[in-house]
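Heads up, the thing below is written out as structure tokens.
Just so you know, these numbers come straight off a predicted model, no measurement behind them.
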Amino acid sequence: MKVLSVFGTRPEAIKMAPLVKKLSRDRDFETVLVVTAQHRQMLDQVLDLFSLKPDYDLDVMREQQTIGMITSKVLEGMGEVLDREKPDLVLVHGDTTTTFSSCLASFYRKIPVAHVEAGLRTYNMYSPFPEEMNRVLTDSMSSLYFCPTVLNRDNLLEENVPEEKIFITGNTVIDALLLVSQGKYTFTEEVLRDLNFKEERVILLTCHRRENLGKNMGNIFRAVKRIVSEYDDVKVVYPVHLNPKVREKADEILKGVNNVHLIEPLSYEPFVHLMKNSYLVLTDSGGIQEEAASLAKPVLVVRKETERPEAIEAGTVKLAGVHEDGIYEMVKTLLDNKEEYLRMGEAVNPYGDGKASERIIEAVKKWNK
Ligand code: UD1
Ligand code: UDP
């Protein structure tokens, strides 16, 4: 059976790496790996870490690319690859434009698609944007669904996806996390080496979502600035996403602020160890909500809603919204109220046991029989 895997951004690469590696070692499969390179440097960091060597690299990324540009370049580029390789199955991941457009290119050729991390929903088509619609459209064109949780499966059942096409596998992010989070780690980055995690409280910040660009991001950064000005023992580390619009805002509000470190995007391994050592995480990222839940690390999500309510139910994640005062108050509570802080750190991990890739491979074999 010939299986073609495709991804293009940092989070897809992290979450597909364990699966792609396992697939390539399995003699039942002939495998092809395509990267669209919707991200360039942030994708290459992951390819290097996991020693992944793509068979095709569409190299689509351009400075300030639009969703339309990504969609059309991937549709065309993937079309050519699919016509040449004629795989039996295409594996896509998650909710990016690479995901949707690769799925569409496969659909046009009647090649079945398996969607890894299927069934997540906010039911608000503009939030996250365009990810919610990318998920809905990808799920409507897929033939096989790998759901991280029971809730994700139930969402698909409500949309009349036949039960026999759905497999609850856990999230492959936990497979990746377990591969890099074990054991002691020494940071090579000077800023991180200089942090004293015992005496200082480190808040790890990440922020990049399209719907937060502009006003919301300003609110988030101003809340952070207020916090560091009031707490001497708090340091903020922000590996700034390479999107120029994010960098501009971060520079405008946070550059040069005492106890705020704006650094380059970290490779996955140091990032995970930074997360483990931080006091709390402030983020609008999808994947980090899952990882932090697994590490039992309190997370405040700077968004209005999330397609990952499991971690909220489990207690590790709270929605902090996108208003300066609200975010400021919630961070302050976790800094001042030890009980509340410890309660959030007790939670259990709802996203799996690190064996999602194994389950996905078994399900693909079953489907192929
Ligand atoms: C993309 C995905 C989003 C995902 C996020 C993960 C879409 C529409 N967006 O958003 O779902 O959550 O990735 O991070 O699919 N850039 C670089 N180098 C890089 C990466 C990005 O320079 O390695 C810059 C480029 O100028 C690029 C811009 O960032 O044009 C935006 O990248 P893009 O992939 O369009 O959007 P993201 O916000 O990264
Ligand atoms: N991450 C990383 N380095 C960083 C920031 C994040 O390796 O500097 C990892 C993080 O652990 C998670 C993923 O990148 O696995 C999340 O990516 P991002 O927030 O860009 O995308 P999202 O998950 O929101 O789609």
Side-chain angles (χ1 to χ4, degrees), residues 10-11 39 41-42 45 63-64 128 187-197 199-268 270-289 291-292 297-304 317-336:
R10 169 174 65 192
H39 285 172
Q41 303 90 323
M42 284 158 56
Q45 282 183 320
E63 178 101 342
Q64 307 247 27
F187 294 112
T188 51
E189 295 77 6
E190 208 179 322
V191 174
L192 305 184
R193 267 207 318 258
D194 288 349
L195 291 169
N196 181 344
F197 292 101
E199 310 211 336
E200 294 161 348
R201 293 187 287 180
V202 173
I203 297 179
L204 174 57
L205 169 66
T206 85
C207 196
H208 72 85
R209 303 224 79 83
R210 260 168 216 262
E211 67 273 15
N212 276 343
L213 293 174
K215 187 164 168 254
N216 293 352
M217 227 166 251
N219 294 342
I220 296 161
F221 296 160
R222 274 187 292 274
V224 165
K225 200 171 166 181
R226 266 165 80 182
I227 289 289
V228 285
S229 73
E230 288 177 22
Y231 291 83
D232 288 342
D233 70 327
V234 169
K235 286 204 168 154
V236 171
V237 180
Y238 179 12
V240 188
H241 193 285
L242 291 178
N243 186 339
K245 290 189 180 139
V246 176
R247 295 175 86 81
E248 208 177 285
K249 203 72 180 173
D251 280 353
E252 179 194 320
I253 300 174
L254 292 174
K255 197 174 181 177
V257 172
N258 219 5
N259 288 339
V260 174
H261 299 287
L262 302 182
I263 61 174
E264 292 304 309
L266 288 167
S267 176
Y268 188 49
F271 185 82
V272 166
H273 286 274
L274 178 59
M275 193 159 39
K276 272 175 88 171
N277 285 296
S278 296
Y279 182 80
L280 70 90
V281 182
L282 192 61
T283 188
D284 65 0
S285 159
I288 293 171
Q289 295 175 52
E291 291 163 346
K297 185 67 56 186
V299 183
L300 294 178
V301 175
V302 282
R303 288 170 56 178
K304 285 189 217 148
V317 170
K318 282 198 168 131
L319 274 184
V322 288
H323 299 296
E324 183 183 330
D325 288 345
I327 297 165
Y328 166 80
E329 290 299 339
M330 286 184 81
V331 175
K332 215 169 144 43
T333 300
L334 288 183
L335 290 170
D336 294 343

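Taking all atoms of both residues into account, the shortest heavy-atom contact from Met275 to Glu291 is CE-OE1, 3.4 Å. Closest non-hydrogen pair, Gly214 versus Lys249, comes out as O-CE, 3.4 Å. What you find for Phe187 and His273 is that their closest heavy atoms are CZ-C, 3.8 Å. Looking at every heavy atom in both residues, Asn219 comes nearest to Val322 through ND2-O, 2.9 Å. Nearest heavy atoms, Lys297 versus Lys276: NZ-O, 2.8 Å. Taking every heavy atom of both residues into account, Pro244 and Glu63 meet most closely at CG-OE2, 3.7 Å.
Proximity of Arg10 to Phe271: side-chain heavy atoms (C-beta onward) are nowhere separated by under 4.5 Å. Residues Asn259 and Val234 are not in side-chain contact: their nearest non-hydrogen atoms beyond the backbone lie 4.5 Å or more apart. Annotation: side chain of Val224 is not in contact with side chain of Ile203 (no heavy-atom distance under 4.5 Å). Using a 4.5 Å cut-off on side-chain heavy atoms (C-beta onward), Thr283 and Arg303 make no contact. Side-chain contact between Lys225 and Ile253 is present, with at least one heavy-atom pair separated by less than 4.5 Å. Side-chain contact check for Leu192 versus Phe197: every heavy-atom pair is 4.5 Å or farther apart.
Under a 4.0 Å N-O distance rule, the pair Glu324/Arg226 qualifies as a salt bridge. No salt bridge links Glu199 with Lys235; every basic N to acidic carboxylate O contact stays at or beyond 4.0 Å. Taking the charged nitrogens against the carboxylate oxygens, Arg210 and Asp284 have no contact shorter than 4.0 Å, which rules out a salt bridge. Under 4.0 Å is where a charged nitrogen must lie from a carboxylate oxygen, and between Arg201 and Asp233 at least one such pair does.
At distances below 3.5 Å, at least one donor-acceptor pair connects side-chain atoms of Asn216 with backbone N or O atoms of Glu211.
Residue-environment remark: NE2 (His323) stays at or below the threshold of 12 foreign heavy atoms within 6.0 Å.
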